[in-house]
K.L.:
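Here it is, the structure in full.
Chain letters run A, B, ... following the sequence lines, proteins first and then strands; every chain starts at 1. Computed over heavy atoms, backbone and side chain alike; hydrogens, waters and symmetry mates excluded.
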Number of protein chains: 2
Amino acid sequence: MEPNVIQSSPIEAAVPQPQPAIGVAVDIVILTVVDGRLRVLLSLRPTEPFKGYWSLPGGFVGQHESSDTAAERELQAKTGVGGIYLEQLYTFSEPLRDPRSRVIAVAYYALVSADRLPNQAGSRESRWFDVSAILDDPPPAGNPAEDIQLGFDHELILRTARDRIRGKLEYVPIGFQLLPERFTLTELQHVYEAILGHGIDKRNFRTKVLRSGLVRESDEYRKGKHRPARLYEFKQRTF
Amino acid sequence: MEPNVIQSSPIEAAVPQPQPAIGVAVDIVILTVVDGRLRVLLSLRPTEPFKGYWSLPGGFVGQHESSDTAAERELQAKTGVGGIYLEQLYTFSEPLRDPRSRVIAVAYYALVSADRLPNQAGSRESRWFDVSAILDDPPPAGNPAEDIQLGFDHELILRTARDRIRGKLEYVPIGFQLLPERFTLTELQHVYEAILGHGIDKRNFRTKVLRSGLVRESDEYRKGKHRPARLYEFKQRTF
DNA sequence: TCAAAAGTGTTTTTATTACACCCATGA
DNA sequence: TCATGGGTGTAATAAAAACACTTTTGA
């Protein structure tokens, strides 16, 4: 840690902060599921470098805040809503990742349910993209094969985020953050399928969810064109 | 991320690096298992703050290196050996975590087998400590209850590292890094028990390891006071 | 009445757990 | 010969996977 003397170079010992400045930023992978696909919020870069590329939203960490706080601030600014599930992902620190100057990025991922988003359509400078269309080639069948190139190392960050939530899905109740307070089991299954990138057996999924004890059935139903589906809610909104 | 314009504060847009300096350091949780106990390498702080406290080894990230490289350098310097298993853990960034100045720490953990360590005993300024004695109170029976207080937020970092490898142990072949190239199954079991903090059934453990396919038996035996034990080796030293 | 999504059980297979005795060695 | 750690198998239980048809609704 910073206050330690590097034993083999005692000259540095007396100088606590001899290093040249390194910028510290946060980058946020903001994810949602719409229409059964995992989507990420990207910003259009207005200036060089990577002008015209899409990139992850982010910002610098202030002198008197933690990276968590900086990420929350940025997340609120970009989505317009607060209280979103947010977790640190990984720190990216290759010296040349930003061509202008030395900046390390503490990356976060956020999971937000589509119903909380005011601007689902997106705007000129900020839009939702299909994660699979960016990361998987060839893109899965039926995908709009818009060939997105992300600026900086943001494709790596995005891939790291997807890998992380895929792994986490198997042993912690992620996924509820991507749904409204009440949801049908089919909606929950679609979230799982969107994250995992493959289909799941309906009966096995329902059995497993119901006897996990994480979910409570309500007496409400979602009406649609077809048979109404029972709504459930997550027992513990906090982890 | 750093190059993004914060949409809600366009003034910052034109100034890529307007933030005051934040120091970037690496802290390393160097772990080994000796005598069936998980141990961590700590350095004695020679100066304020936290003078006389034990703390995790670490150092600043240089201007032209990644945090991975900085961590490798520091690890080599502290252990005297190279090629050690090293992985990024988490980034700690509370503004007041270092009382002198603003420094964030990208924490790493390293796993090294005891047989590779030249200075197992330790020295005046650097020693191995029982992790459980630091983190668990009351310490498990038979523990030297030396009440270690770590400087900075290093107890939190150490706890985070132990939690991480406990979780990882269940689904990836960690643990081999903590053993010599050839090892007995009992030695492997002791590593697992040291990390998990509880005993494991011998027969179930051996069955599971053998049919995991991760291990190959050699025709060598370890001789000791009692019946010789067959030596095994890990099939893939790389992941 | 038809299209579309909701809902429901059983069997097979695979992994996990619990559990106790004999073996080989050096002292 | 005895103390010590090495080594082995089976039965019970629990979890995961495969698999197809009936129900309800709105159009």
K.L.:
How large an angle, rounded to 10°, do the end axes of the helix from C/dT1-D/dA27 to C/dA27-D/dT1 enclose when each is built from five base pairs?
P.N.:
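If I round to tens, the end axes sit 0° apart.
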
K.L.:
Does a donor on one side chain sit under 3.5 Å from an acceptor on the other, for A/S113 and A/D115?
P.N.:
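Yes, a side-chain donor-acceptor pair sits under 3.5 Å.
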
K.L.:
Establish, with yes or no, whether the OP1 or OP2 oxygen of C/dG7 is under 4.0 angstrom from a side-chain nitrogen or oxygen of A/R206.
P.N.:
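Yes, such a contact exists.
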
K.L.:
Given D/dC19, C/dT25, D/dT23, which nucleotide is nearest the side-chain atoms of B/H226?
P.N.:
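Closest of the options to the side chain of B/H226: C/dT25.
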
K.L.:
Kindly say if A/T186 contacts the phosphate of C/dA5, meaning a side-chain N or O under 4.0 Å from OP1 or OP2.
P.N.:
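No.
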
K.L.:
If I take atom NZ in residue B/K208 and atom C1' in nucleotide D/dG7, what distance separates them, rounded to the nearest angstrom?
P.N.:
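Taking atom C1' of D/dG7 as the reference, NZ of B/K208 is at 20 Å.
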
K.L.:
Between the base of D/dG7 and the side chain of B/K202, is there a donor-acceptor distance below 3.5 Å?
P.N.:
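Check passes, donor-acceptor contact within cut-off.
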
K.L.:
Taking the nucleotide of DNA chain D with the nearest heavy atom to each, does B/D201 or B/E187 sit closer to the 5' end?
P.N.:
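By nearest-heavy-atom nucleotide position, the 5'-most residue is B/E187.
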
K.L.:
Do other residues, nucleotides or ligands put more than 12 heavy atoms under 6.0 Å from A/Y53 OH?
P.N.:
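Not buried by this count: 12 neighbours or fewer within 6.0 Å.
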
K.L.:
Identify which one of A/R230, A/K235, A/R182 satisfies the salt bridge (charged side-chain N to carboxylate O under 4.0 Å, His left out) criterion when paired with A/E217.
P.N.:
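The passing option is A/R230.
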
K.L.:
If we ignore hydrogens and angles and just use 3.5 Å, is the side chain of B/Q189 paired with the main-chain N or O of B/I200 as donor and acceptor?
P.N.:
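Pair found, side chain donor or acceptor close to backbone of B/I200.
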
K.L.:
Counting heavy atoms from C-beta on, name the nucleotide in C/dA20, D/dA18, C/dT25 closest to the side chain of B/R227.
P.N.:
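Of all the options, the side chain of B/R227 is nearest to C/dT25.
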
